[in-house]
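One structure is given here, and the rest of the page talks about it.
Ligands are counted one by one from 1 in listed order, and the atoms in each one are counted from 1 as well.
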Amino acid sequence: MSVPDRREDVTSARRIVVKVGSSSLTTAAGGLDADRVDALVDVIAAKRAEGAEIVLVSSGAIAAGLAPLGLDRRPRDLATAQAAASVGQGLLVARYTASFARYGLRVGQVLLTVDDMTRRTHYRNAYQTLDRLLNLGVLPVVNENDTVATEEIRFGDNDRLAALVAHLVRADLLVLLSDVDGLYDGDPVRHTSSRIPEVRGAADLEGVEIGKAGRAGVGTGGMVTKVEAARIATTAGIPVVLTAARHASEALTGKQTGTFFHRTGVRGADRLLWLAHATTARGRLVLDEGAVGAVVERHKSLLPAGITAVEGGFVAGDPVDLVDENGHIIARGLVNFDAKELPGLLGRSTHELAREMGPAYEREVVHRDDLVLLRR
Ligand SMILES: Nc1ncnc2c1ncn2[C@@H]1O[C@H](COP(=O)(O)OP(=O)(O)O)[C@@H](O)[C@H]1O
Ligand SMILES: N[C@@H](CCC(=O)OP(=O)(O)O)C(=O)O
């Protein structure tokens, strides 16, 4: 297979998702740094002027809310973090609105939750809204909806969110901007560590010490979530540039900067990428051998007849893991029944259930369109 040329992948990109981390926009002590926001906006506006469509995934809501609330570091408890995000998100978007207005550009705030994105209608709706915003010439500024997300459904890191948004909007390129100018083979503060200019696949990451968030203390996932985001995007056919926010201009013009992750796969089924990478299972369904074959080999929906046990306290619409009789996870799917009602249905045919309990019981436990196979 021929290796795609990195520069061309960047310069030919028409639709680009740019993700910027808290550490590049704020300081724990000072809240939002207007100069750094303006510097980023200058670069994005220049790229827009060349005809590119840009979606900005911006962190910083929690960090921006710290100073106004008199907090001197990122809160550990969810409620205070959410309160900070509520205050900070407004300030963040106000800052972007004013800064992009210098170029006559309008921004639109888009707040997403994982839960929304895994449900078919919500997913389609999010795509349509983002696409319409772009067609209207608006620059979407995306963040997680921190104030409503609960501990279980919270994404908590915008790196993976950005990779999934890149896939959602069918972006040609994902640019991850941080306070560090790329992936290093060890802790970047050690002078013995060196930057890895490109990653062509998993083999290039062997032996690399991928660490947690840095010194500033306002970021969340560190390199772990960035490398994971790069893996999600590149396997879905989207190349990734990871560099420092101060090198945003080089990153968007195809100059050598940071770490370039080559695309390794091709675009796959939309919403299911979210289901696989963004959800936490709320329970497990144990499948007999026949059902494992039907789901894995024949890509069938899961029916009550093939389930031998139900674990967890999920409700209809929740993500659940499908496991074989040895407990190995084979798939994740959105379940159509509550955990409470499933045990009474197991092992029985859908026709029999419909006859006895009504037509609503003829439905699949997990529809094949809501199911993603997991090879672990
Ligand atoms: N192998 C590595 N290469 C580069 N940076 C690393 C590595 N391991 C850990 N890090 C840390 O990850 C930090 C970036 O993550 P984070 O603070 O979450 O940034 P952001 O707010 O931009 O998302 C860097 O400042 C760096 O200290
Ligand atoms: N939604 C959170 C962002 C969490 C996050 O991923 O932060 P970061 O590691 O700085 O990209 C916020 O706006 O504060």
Side-chain angles (χ1 to χ4, degrees), residues 17-28 31-33 36 40 56-67 69 71 73-75 78 80-93 95-96 109-114 141-149 153-165 175-190 192-197 199 204-230 242-248 258-259 261 278:
V17 172
V18 176
K19 183 265 171 177
V20 61
S22 314
S23 53
S24 304
L25 298 171
T26 57
T27 58
L32 264 179
D33 183 335
R36 292 166 95 189
L40 173 67
L56 177 61
V57 176
S58 178
S59 303
I62 296 174
L66 299 180
L69 292 179
L71 302 167
R73 62 190 146 81
R74 207 180 170 93
L78 185 62
T80 315
Q82 289 180 311
S86 163
V87 171
Q89 179 66 23
L91 296 170
L92 188 63
V93 169
R95 195 58 248 156
Y96 279 124
Q109 172 180 260
V110 177
L111 298 178
L112 300 174
T113 63
V114 175
V141 178
V142 179
N143 197 354
E144 181 169 10
N145 195 348
D146 288 309
T147 51
V148 300
I153 65 162
R154 216 165 161 254
F155 232 118
D157 92 76
N158 275 355
D159 297 318
R160 281 183 313 146
L161 180 73
L164 295 169
V165 166
V175 177
L176 297 174
L177 300 175
S178 183
D179 60 344
V180 62
D181 65 341
L183 173 67
Y184 279 69
D185 56 8
D187 188 336
V189 280
R190 279 203 308 263
T192 47
S193 304
S194 52
R195 182 168 56 83
I196 302 172
V199 174
D204 290 348
L205 294 173
E206 272 167 30
V208 175
E209 223 180 282
I210 303 169
K212 293 260 166 59
R215 292 137 286 161
V218 291
T220 55
M223 268 307 129
V224 177
T225 53
K226 286 180 217 323
V227 170
E228 174 63 10
L242 164 62
T243 191
R246 64 182 182 282
H247 298 322
T259 304
F261 295 80

With a heavy-atom distance limit of 4.0 Å, tell me whether Ile62 approaches ligand 2 through its side chain, its backbone, both, or neither.
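It is both parts that get close, each with some atom under 4.0 Å.
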Note, [X] side chain near [Y] side chain (heavy atom, < 4.5 Å):
| X | Y | answer |
| --- | --- | --- |
| Thr26 | Ser59 | no |
| Asp157 | Glu228 | no |
| Thr192 | Tyr184 | no |

Closest heavy-atom pair and its distance - [X], [Y]:
| X | Y | value |
| --- | --- | --- |
| Val141 | Ser58 | CG1-CB, 4.2 Å |
| Asp33 | Arg36 | OD2-CD, 2.9 Å |
| Ser178 | Ser23 | OG-OG, 4.3 Å |

I'd like to check which ligand 1 atoms, numbered from 1 as shown, lie under 4.0 Å from a non-hydrogen atom of [X].
| X | result |
| --- | --- |
| Ser23 | 19 (O), 20 (P), 21 (O), 22 (O) |
| Val180 | 4 (C), 5 (N), 24 (C) |
| Ser22 | 21 (O) |
| Gly186 | 1 (N), 2 (C) |

Does ligand 1 have an atom under 4.0 Å from some heavy atom of [X]?
| X | result |
| --- | --- |
| Asp179 | yes |
| Gly182 | yes |
| Ala245 | no |
| Lys19 | yes |

From [atom1] ([X]) to [atom2] ([Y]), nearest 0.5 Å:
| X | Y | atom1 | atom2 | result |
| --- | --- | --- | --- | --- |
| Leu177 | Asp179 | CG | CG | 11.0 Å |
| Thr225 | Lys19 | OG1 | NZ | 6.5 Å |
| Asp185 | Ile210 | CG | CD1 | 11.0 Å |
| Glu144 | Thr113 | CD | OG1 | 7.5 Å |

With side-chain contact (heavy atoms from CB on, under 4.5 Å) as the test, pick out the partner of Phe261 among Leu176, Ile196, Leu183, Asp204.
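With Phe261 as partner, Leu176, Ile196, Leu183, Asp204 yield a single side-chain contact (heavy atoms from CB on, under 4.5 Å), made by Leu183.
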Min N/O separation [X] to ligand 2 under 3.5 Å:
| X | answer |
| --- | --- |
| Ala61 | yes |
| Lys19 | yes |
| Asp146 | yes |
| Lys226 | no |
| Gly60 | yes |

Counting only heavy atoms, tell me which of [options] gets closest to [atom].
| atom | options | value |
| --- | --- | --- |
| atom 13 (O) of ligand 2 | Thr147, Asn143, Asp159 | Asn143 |
| atom 1 (N) of ligand 1 | Glu209, Met223, Arg195, Arg190 | Glu209 |
| atom 3 (C) of ligand 2 | Val20, Leu25, Asp157, Asn158 | Asn158 |

Between Asn143 and Gln89, is any side-chain donor less than 3.5 angstrom from a side-chain acceptor?
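Yes, side-chain donor-acceptor contact under 3.5 Å.
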Do Ser193 and Asp187 have side-chain N/O donor and acceptor atoms under 3.5 Å apart?
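Note: Ser193 and Asp187 side chains miss the donor-acceptor criterion.
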For ligand 2, is Ala85 a contact, meaning one of its heavy atoms is under 4.0 Å away?
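No, Ala85 has no heavy atoms under 4.0 Å from ligand 2.
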Polar contacts were defined as any N/O atom of the residue lying under 3.5 Å from an N/O atom of the ligand; does this apply to [X] and ligand 1?
| X | value |
| --- | --- |
| Ser178 | yes |
| Asp185 | no |
| Ser24 | no |

Ligand-side contact atoms (ligand 2) for residue partner Ser59, heavy atom cut-off under 4.0 Å:
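Matching atoms, with element in brackets: 3 (C), 5 (C), 6 (O), 7 (O), 8 (P), 10 (O), 11 (O), 13 (O).
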Just which atoms of ligand 2 are under 4.0 Å from any heavy atom in Gly21?
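Listed by number with element, the hits are 10 (O), 11 (O).
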Walk me through whether Ile62 and Arg74 qualify under side chain to side chain contact (heavy atoms under 4.5 Å, CB included).
CA-CA 7 Å; Ile62 296 174; Arg74 207 180 170 93; 3.5 Å; yes
